[in-house]
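What follows is a single structure, written as structure tokens, with notes after it.
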Amino acid sequence: MNSDSDLQIAGDILEVPHLLQAPREHPATVAEFVGLARSIAVDRAQWEHLVRYDATTRWYHRLRTAPGYEVWLLSWVPGQGSGLHDHGGSSGVLTVLDGELTERTERGKRVLGPGVQRVFAPGYAHEVVNDALEPAVSLHVYFPGLTDMPMHPRSRLHPAARAPIACAALDTYEQVDVVSS
């Protein structure tokens with residue numbers, strides 16, 4: 001007995017189900033979506049056999065859909081890019097699985113290698129391109145599911161006076177770097 005406290009727990013706390021929160025069936029926070037992307041990324045058996053490369057267009061495959069989110073697998077051959085776009089009302093987590101991708105925004109460009117994650121808010125505009133000489137594969141989690149992907153004129157890639165939109169970079173699952181567009 002702890003003499004500093006009058007509180008005592010008798011028996012097994014896990015036997016009191018009404019005190020425990022039920023585990024969530026689906027992710028609901030940014031951290032949980034980042035964790036979902038990380039868990040898929042490390043489980044290559046879940047996605048590697050699905051990847052296809054297409055020299056004429058970017059290949060993509062919806063890997064998972066659930067209430068409030070969806071997960072996409074994309075491949076990029078050298079030279080392929082997304083064009084400058086945002087994700088409408090969806091937030092997202094971009095994870096590079098293989099190869100190297102370049103992300104371009106109004107603030108400049110950033111090279112993303114395997115394991116690097118980018119977390120972005122609705123309205124964050126970027127262009128993703130495979131500027132490397134080898135193919136690349138990426139995983140995209142959108143929450144809510146992607147319903148709109150407005151394209152923007154490429155001239156927006158040059159710095160202009162605009163309100164920043166938040167984006168965080170998680171470099172190989174460890175370092176967090178918060179940037180704005």
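No experiment lies behind these values; they were computed from the predicted model shown.
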Begin with the C-alpha distance, continue with both residues' side-chain angles, and end with the deciding distance and a verdict on side-chain contact (heavy atoms from CB on, under 4.5 Å) for R52 and H61. CA-CA 9 Å; R52 304 288 179 266; H61 171 77; over 6 Å; no

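Under the rule for a salt bridge (charged side-chain N to carboxylate O under 4.0 Å, His left out), E134 has no partner lying at least two apart in sequence or in another chain. By the side chain to side chain donor-acceptor pair (under 3.5 Å) test, T56 pairs with D54, sequence neighbours left out. Scanning for salt bridge (charged side-chain N to carboxylate O under 4.0 Å, His left out) contacts around D86 gives an empty result, with sequence neighbours left out. Evaluation of the salt bridge (charged side-chain N to carboxylate O under 4.0 Å, His left out) rule for R64 yields no partner, not counting sequence neighbours. Every residue meeting the side chain to side chain donor-acceptor pair (under 3.5 Å) condition with D131, not counting sequence neighbours, appears here in chain and number order: T102, R104.
Of the charged side-chain nitrogens involved, at least one lies within less than 4.0 Å of a carboxylate oxygen, so that R44 and D98 count as a salt-bridged pair. Note on E127 versus K109: no salt bridge recorded, every NZ/NE/NH1/NH2 to OD/OE distance being 4.0 Å or above.
Here H152 and H85 keep their ring centres 6.0 angstrom or further from each other. Here the two rings, on Y124 and H87, have centers that are 6.0 Å apart or farther.
In this structure, the side chain of S82 engages the main chain of V128 through a donor-acceptor pair within 3.5 Å. Between the side chain of W47 and the backbone N or O of L73, no donor-acceptor pair lies under 3.5 Å. A donor-acceptor pair under 3.5 Å is formed between the side chain of Q80 and the backbone N or O of V77.
Screening V71, L94, L63 for a side chain to side chain contact (heavy atoms under 4.5 Å, CB included) with H140, the sole residue that qualifies is L94.
The two residues G145 and S90 come nearest to each other via the heavy atoms O-OG, 3.2 Å. When every heavy atom of P114 is checked against every heavy atom of G99, the shortest pair comes out as CD-O, 3.1 Å. Residue H49 comes nearest to Q46 through the heavy atom pair CE1-O, 3.8 Å, listed as atom of the first residue, atom of the second, then distance. Nearest heavy-atom pair across G88 and P150 is N-CD, 3.7 Å. Contact record, P78 with A132: CB-O, 3.3 Å, taken as the closest heavy-atom pair. Considering every non-hydrogen atom in both P122 and S91, the closest pair reads CD-OG, 3.0 Å.
Note on Y53: it clusters hydrophobically with W59, by side-chain heavy-atom contacts below 4.5 Å among ILVMFWY residues. A continuous path of hydrophobic side-chain contacts links L50 to V141 [ILVMFWY only; heavy atoms under 4.5 Å]. Transitive grouping of hydrophobic side chains (ILVMFWY, heavy atoms separated by less than 4.5 Å) brings Y60 and L101 into a common cluster. Tracing side-chain contacts under 4.5 Å through hydrophobic residues (I, L, V, M, F, W, Y), one reaches V30 starting from L139; they form part of the same cluster.
The shortest distance between side-chain heavy atoms of E100 and N130 does not fall below 4.5 Å. Side-chain atoms of T95 and R38, non-hydrogen and from C-beta on, never get closer than 4.5 Å to each other.
Note that CZ of F143 is 10.5 Å distant from CD of E32, once rounded to the nearest 0.5 Å.
Listed by first then second residue, pairs satisfying side-chain hydrogen bond (donor to acceptor under 3.5 Å, both in side chains) with a partner in residues 67-76 read R62-E70, E70-W72, W76-S138, not counting sequence neighbours.
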